[in-house]
Number of protein chains: 2
Amino acid sequence: MKISVRGEYALRALLVLGLNYDRDVVRIQTISEQQNIPKRFLEQILTDLKSLGVVESRRGVAGGYRLARPPEFVTLAAVIRHIEGPLAPVSCVSERFYEKCSCPDESKCAIRSVMKEVREAIVKILENVTVAQMCERVKLLQGEHTNPLDYVI
Amino acid sequence: MKISVRGEYALRALLVLGLNYDRDVVRIQTISEQQNIPKRFLEQILTDLKSLGVVESRRGVAGGYRLARPPEFVTLAAVIRHIEGPLAPVSCVSERFYEKCSCPDESKCAIRSVMKEVREAIVKILENVTVAQMCERVKLLQGEHTNPLDYVI
DNA sequence: CTATACTCTACTAAGTCAATAGAGATTTGT
DNA sequence: ACAAATCTCTATTGACTTAGTAGAGTATAG
């Protein structure tokens, strides 16, 4: 049931960008160092998040990344779905990545009915947690005194 | 966030065994045909479930598999954990498969705190659903009239 | 015009997944 | 004792995914 390292890195990067939303763009290098993420790998991930439309970039000397919309409008569900695929434990209960499974009769499948509940539980949380809320949690977890650029996520 | 085909097959097999708990052992072949699971693959999975202690087997002509304990005492959580590993989306919030993650400070990690909630939600469901309850659901989903051996899961 | 930073495409080593294969061990019925 | 059915153990394989790495190219500030 695990998400990949790639997905986790994406969330960590978005959190950094969320904490710097009202500031300037943030360089890949900076995120990479702050979060212990291999730089070239992070590059790919950010390009991917750009294709999703949640981040935007500026090239050149003063370049970097920033959120493309306010952190309130970036849900974890959207990000994880884009990077990882279905939130559901089995594809036959996924709304957006539905695939027929090999069981004899899906409509009477008991496993399916349990997995549907699991899916609902996961979705309910991840659809309702935004990058903005994650930023709030960061502030609660480490107090308000720190300089935003030093936030340890 | 998906579980593997292997895990799904394991659950389907256990459900068949649950429905036949008070009867004789069930042959691999029978489960395989009823559930569209490749026989040699299912063999491996059942051996694996045996090592977990939830099923037992009899060899030879009248051989087959059965549940090693009443279906009320086999939770989906235990099965999935054994086949798949952690139920948690990230290992740093897993109770039984804990692994340190690469983020700068785990205790102050906002992602971790969200993933903890996700884990709790998943565990809450899967720890409380047993094979017995799955069997109940099967009966509800397809009515009581059918011959147990014909149950379509 | 140059240093800095993002971008695009390709590659790869290691690991996992979903089987498949073959030979062996056990049990029941005759 | 023997045959047939069934589980068991160990190995292998092909396809795919993951987590990076690499190199050449493009845009921008100063």
Side-chain angles (χ1 to χ4, degrees), chain A residues 1-13 16-17 24-33 35-52 55-68 80 82-86 89-91 97 99 101-102, chain B residues 1-13 16-17 24-33 35-52 55-68 80 82-86 89-91 97 99 101-102:
Chain A
M1 307 276 289
K2 279 174 65 178
I3 66 173
S4 66
V5 172
R6 189 187 187 86
E8 208 195 309
Y9 287 169
L11 297 180
R12 301 232 296 264
V16 174
L17 298 182
D24 207 0
V25 295
V26 184
R27 286 181 305 140
I28 292 180
Q29 179 87 29
T30 308
I31 305 175
S32 158
E33 281 165 6
Q35 293 295 318
N36 303 320
I37 302 172
K39 195 187 154 197
R40 299 305 294 272
F41 192 24
L42 180 57
E43 262 177 50
Q44 286 180 7
I45 295 167
L46 286 169
T47 305
D48 199 4
L49 290 175
K50 195 177 168 183
S51 81
L52 174 63
V55 301
E56 58 193 19
S57 60
R58 194 167 68 208
R59 285 168 137 187
V61 166
Y65 277 90
R66 78 168 64 154
L67 290 184
I80 295 175
H82 182 78
I83 304 269
E84 304 277 327
V90 292
S91 296
F97 299 87
E99 276 176 65
C101 88
S102 66
Chain B
M1 307 274 291
K2 280 174 64 179
I3 67 172
S4 66
V5 172
R6 191 187 186 84
E8 207 194 310
Y9 287 169
L11 296 180
R12 302 233 295 265
V16 174
L17 297 182
D24 207 359
V25 295
V26 184
R27 284 180 307 141
I28 291 180
Q29 178 88 29
T30 307
I31 304 175
S32 159
E33 281 163 9
Q35 294 293 318
N36 303 321
I37 301 171
K39 194 186 154 198
R40 298 305 292 274
F41 193 24
L42 181 56
E43 262 176 48
Q44 286 180 7
I45 295 166
L46 286 169
T47 306
D48 199 3
L49 290 175
K50 195 176 168 183
S51 81
L52 174 63
V55 302
E56 58 193 18
S57 60
R58 194 167 67 208
R59 285 167 137 187
V61 167
Y65 276 89
R66 77 167 65 153
L67 290 184
I80 295 175
H82 185 253
I83 304 268
E84 306 277 327
V90 291
S91 296
F97 297 87
E99 275 175 66
C101 87
S102 66

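Naming: A, B, ... by sequence-line order, numbering from 1 per chain. Every heavy atom of this structure was used, including side-chain atoms; hydrogens, water molecules and symmetry mates were not.
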* Structure fact -> When rounded to whole Å, the CZ to P distance for the pair R27(B) and dT8(D) reads 15 Å
* Asked: Which two nucleotides bound the region of DNA chain C that has atoms under 4.0 Å from heavy atoms of chain B, read 5' to 3'?
  -> dA18(C) to dT28(C)
* Asked: Do E43(B) side-chain and dT6(D) base share a donor-acceptor contact under 3.5 Å?
  -> no
* **Heavy-atom side-chain proximity of R66(B) to L17(B) below 4.5 angstrom** => no
* Find the distance between OG (S91(B)) and CD1 (I3(A)) and round it off to the nearest 0.5 Å. => 10.0 Å
* Asked: Do S102(B) and R12(A) touch side chain to side chain, with heavy atoms closer than 4.5 Å?
  -> yes
* Would you mind reading off the distance between Y65(B) atom OH and dC7(D) atom P, rounded to a whole angstrom? => 7 Å
* Answer with base, sugar-phosphate or nothing: what part of the nucleic acid does L46(A) contact at a heavy-atom distance below 4.0 Å? => nothing
* Between dA19(D) (P) and I3(A) (CD1): distance, integer Å -> 10 Å
* Asked: How would you list, by chain and number, every residue that makes a ring-ring contact (aromatic ring centres under 6.0 Å, His included) with Y9(B), sequence neighbours excluded?
  -> F41(B)
* Structure fact -> Comparing nearest nucleotides in DNA chain D, the 5'-proximal residue of the pair V5(A), Q29(B) is Q29(B)
* **Interatomic distance, E84(B) atom CD to K2(A) atom NZ [nearest 0.5 angstrom]** => 12.0 Å
* Specify the separation, in whole Å, of atom CD1 of I37(A) and atom P of dT18(D). => 17 Å
* Over how many whole Å does the gap from L49(B) atom CG to dC7(D) atom C1' extend? -> 15 Å
* Could you write nucleotides 24-30 of chain D as a row of B, S and -, 5' to 3', where a protein heavy atom under 4.0 Å of any base atom gives B, of only sugar-phosphate atoms gives S, and otherwise -? -> -BBBBB-
* Structure fact -> Those residues at least two apart in sequence (or on a different chain) that pass side chain to side chain contact (heavy atoms under 4.5 Å, CB included) with R27(A) are Q29(A), T30(A)
* Under-4.0 Å side-chain N/O to phosphate OP1/OP2 contact, T47(B) with dC7(D) -> no
* Asked: Does OP1 or OP2 of dG20(D) have a side-chain N or O of Y9(A) closer than 4.0 Å?
  -> yes
* Asked: Sequence neighbours excluded, which residues qualify as side chain to side chain contact (heavy atoms under 4.5 Å, CB included) partners of A10(B)?
  -> I45(B), L49(B), V79(B), I83(B)
* Looking at every strand, decide which applies to Q44(A) at a 4.0 Å heavy-atom threshold: base, sugar-phosphate, or nothing. => base
* To do: Hey, could you give me the CD/CD1 distance between E43(A) and I31(A), rounded to the nearest 0.5 Å?
  => 11.0 Å
* Structure fact -> Closest non-hydrogen contact found for A13(A) with L42(A) is CB-CD1, 4.0 Å
* Asked: Checking all strands, does K50(B) fall into the base, sugar-phosphate, or nothing category for heavy-atom contacts under 4.0 angstrom?
  -> sugar-phosphate
* Between P of dC7(D) and NZ of K39(B), the distance in whole Å -> 7 Å
* Rounded distance (Å) that lies between atom C1' of dT18(D) and atom NZ of K2(A) -> 12 Å
* To do: Please identify each residue that fulfils side chain to side chain contact (heavy atoms under 4.5 Å, CB included) with N36(A), with sequence neighbours left out.
  => none
* To do: May I have the distance from L42(A) (atom CG) to dT21(D) (atom P), rounded to whole angstrom?
  => 12 Å
